[in-house]
Amino acid sequence: MIERIRELLNREPAEIPVTAQGWVRTKRDTKHVTFLEVNDGSCLKSLQVIIDRNSREVTDTLNRVSTGASVSCTGRLAESPGKNQKVELHADTIELIGEAPPESYPLQKKRHSFEFLREIAHLRPRTNTIGAVARVRNAMSRAVHTFFQERDFLYIHTPIITTSDCEGAGEMFQVTTLPLNQVPMREGSPDYSRDFFQKPANLTVSGQLEAEIYALAMTNVYTFGPTFRAENSNTSRHLSEFWMIEPEMAFCTLEGNMEVAESFLKYVFSHVLETCREDMEFFNQWIQKGVIDSLSSVAEGVFTRMTYTDAVKELTAAPVSFEYPVSWGADLQSEHEKYLTEQVCRGPVIVTDYPREIKAFYMLLNDDEKTVRAMDVLVPRLGEIIGGSEREYRYDVLTRRILESGLDPKDYWWYLDLRRYGTVPHAGFGLGFERAVQYVTGMQNIRDVIPFPRAVGSAEF
RNA sequence: UCCCCUGUAGCUCAGCUGGUAGAGCGGGUGGCUGUUAACCACCAUGUCGGCGGUUCGAGUCCGUCCGGGGGAGCCA
């Protein structure tokens with residue numbers, strides 16, 4: 001394989017011929033030579049290639065080279081007299097592999113709006129910002145796996161298609177092979193016995209319940225996979241298809257859960273700061289001023305721990321007026337979370353022990369019967385980035401909580417079985433991967449941190 | 001789903017209280033130059049999102065539909 005441009009840019013000038021391949025970002029002509037900026041996605045920077053227009057053949061080739069064209073250039077790496085780069089490629093030969101007619105190629109040298117780039121999602125990774133997002137997203141994925149693998153967590157592939165209609169985390173996409181123009185009916189409703197799975201099936205909204213199954217056998221596991229929500233929500237923070245990370249740990253209480261969540265965030269953020277320095281400086285300068293500082297302070301700072309009850313006390317005593325009133329029993333609004341992280345704790349805070357009414361049935365009920373062992377990790381600038389809990393592991397209590405939530409224990413038979421056979425305290429949390437990428441890059445819209453965003457009315461490419 | 005904003009050249013936008021359209025960038029042509037947001041000159045840009053209405057006349061006002069953005073709710 002040809003050496004990548006990232007490697008070439010780090011090399012010293014030498015006489016040995018090297019080849020660079022990539023896509024032309026810009027072309028500039030002077031009297032006798034042509035300058036190309038060639039980028040291959042290996043890093044933010046492009047390689048400056050200089051070609052002497054000393055023959056008719058080279059001139060003809062260069063006339064057809066324009067922004068977006070793919071080229072292969074061979075020559076010597078030389079010290080650059082220009083101030084924007086250390087080395088440059090003095091090419092003896094240039095091969096035009098694929099033209100990009102300038103009258104129709106949509107990408108220009110100037111800045112484009114992200115809205116426009118979304119319409120050309122097949123070409124947008126060739127821009128500085130989307131390219132940088134792709135590299136940071138990749139580094140974060142890698143860090144997620146490394147973090148858990150180094151701690152002996154097993155990566156579990158939980159199902160994409162599920163027939164348990166009990167996940168209750170949002171609207172689901174139905175999966176069916178029934179003919180939609182003539183659905184077989186039985187007693188007034190679709191006859192699912194004739195559907196592919198012989199019962200209603202959906203795309204998963206969470207892998208947590210299945211992760212719990214494996215945690216209660218393998219001890220420590222995690223999932224990292226696609227998740228689907230059919231909610232009709234059109235915001236800069238929601239996608240219909242997104243990636244979620246869900247660790248689940250047996251013999252673990254909320255304290256252990258908090259420790260893992262804190263070290264997890266610190267690990268991933270540190271990894272990006274260390275390995276994506278150039279891209280992060282780009283985001284810091286052009287996308288979100290101060291993003292490096294805020295990431296560093298999370299990576300190095302302390303995570304304050306606070307119960308929901310104490311948080312409400314802090315907010316009630318706050319010398320500011322909130323748009324939404326604070327009262328025990330009500331969920332924290334984003335303005336409240338912002339105040340806690342930015343004013344009270346001046347850094348990340350983990351809020352625990354929420355009222356049972358505003359949290360899910362599977363969270364461990366405290367002895368006070370009023371609160372559950374839930375935790376939300378809040379960070380400055382964003383608010384909630386992680387939500388998790390210690391799970392209810394007592395069969396009787398869980399059955400009671402299912403009933404109280406208006407659900408049918410029969411639908412949860414296998415989930416309850418885990419509490420009948422060898423139950424054990426366990427805990428876990430969930431993290432929306434794209435939200436984390438948004439936080440790290442400072443990108444405003446979640447649709448720009450996933451290669452091919454799916455949202456209401458939008459699934460192009 | 002609700003509220004607000006928005007849709008004009010390939011892109012980013014201007015177009016006041018109604019009188020059939022402009023700029024910058026991009027593109028083309030020529031010039032200059034080890035250039036790097038290159039520079040200078042000239043040239044061409046268009047169903048003003050769709051449909052309907054008011055009016056002598058609609059980019060502009062009204063209705064409606066579609067697309068985009070922001071906020072809320074829901075959440076990750």
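Chain identifiers are assigned alphabetically (A, B, ...) following the order of the sequence lines, protein sequences preceding nucleic acid strands; residue numbering begins at 1 within each chain.
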### Task
Specify the residue among A:Gly432 and A:Glu115 whose closest nucleotide of RNA chain B lies further upstream toward the 5′ end.
A:Glu115
## Note on the structure
Result for 5'-nearest mapping on RNA chain B, choosing between A:Ile446 and A:Ser80, is A:Ser80
Taking only the [atom1] atom of each, what is the distance from [N] to [M] in whole angstrom?
N     : M     : atom1 : result
B:G31 : B:G67 : C1'   : 44 Å
B:U47 : B:U6  : P     : 22 Å
B:C32 : B:C42 : C1'   : 15 Å
B:G50 : B:U33 : C1'   : 49 Å
B:C48 : B:G7  : C1'   : 10 Å
B:U36 : B:G27 : P     : 16 Å
B:U60 : B:U64 : P     : 16 Å
B:U12 : B:C61 : P     : 22 Å

When both hydrogen-bonding distances must be under 3.5 Å and the geometry is Watson-Crick or G-U wobble, what is [N] paired with, if anything?
N     : answer
B:C42 : B:G28
B:G34 : none
B:U64 : B:G50
B:U1  : B:A72

Pair [X] + [Y], salt bridge at N-O below 4.0 Å:
X        : Y        : value
A:Asp29  : A:Arg53  : yes
A:Arg124 : A:Glu119 : no
A:Glu434 : A:Arg237 : no
A:Arg356 : A:Glu392 : no
A:Glu37  : A:Lys45  : no

Minimum-distance nucleotide (side-chain atoms of [X] versus [options]):
X        : options             : result
A:His238 : B:C74, B:U35, B:G69 : B:C74
A:Glu103 : B:G68, B:C11, B:G27 : B:G27
A:Ser233 : B:C74, B:U35, B:G69 : B:C74
A:Asn445 : B:U36, B:G34, B:G70 : B:G70
A:Lys31  : B:U33, B:U36, B:A72 : B:U33
A:Phe35  : B:C11, B:C74, B:U35 : B:U35
A:Asn84  : B:A37, B:G73, B:U35 : B:A37
A:Gln108 : B:G70, B:G73, B:C11 : B:C11
A:Ser236 : B:G71, B:G34, B:A72 : B:G71
A:Arg28  : B:G34, B:U12, B:U35 : B:U35

Could you give the [atom1]-to-[atom2] distance, from [X] to [N], as a whole number of Å?
X        : N     : atom1 : atom2 : result
A:Asn232 : B:C75 : CG    : C1'   : 13 Å
A:Phe116 : B:C11 : CZ    : P     : 6 Å
A:Asp52  : B:U33 : CG    : C1'   : 15 Å
A:Glu171 : B:C75 : CD    : P     : 12 Å
A:Leu107 : B:G27 : CG    : P     : 12 Å
A:Arg237 : B:G70 : CZ    : P     : 10 Å
A:Phe242 : B:C74 : CZ    : P     : 16 Å
A:Glu37  : B:A37 : CD    : C1'   : 11 Å

Tell me what [X] touches on the nucleic acid: a base, only sugar-phosphate, or nothing, going by heavy atoms under 4.0 Å.
X        : result
A:Gly430 : nothing
A:Glu88  : base
A:Ser113 : sugar-phosphate
A:Pro81  : base
A:Glu384 : nothing
A:Glu119 : nothing
A:Glu434 : nothing

### Query
When you look at CD of A:Gln444, are more than 12 heavy atoms from neighbouring residues, nucleotides or ligands closer to it than 6.0 Å?
no
### Task
Could you tell me whether A:Phe264 and A:Phe148 have their ring centroids closer than 6.0 angstrom?
yes
### Query
Would you say B:U36 has OP1 or OP2 under 4.0 Å from some side-chain N or O of A:Arg25?
no
### Message
Students often mix this up, so state it plainly: with edges at 30° and 60°, are the rings of A:His112 and A:Phe116 parallel, tilted or perpendicular?
### Response
tilted
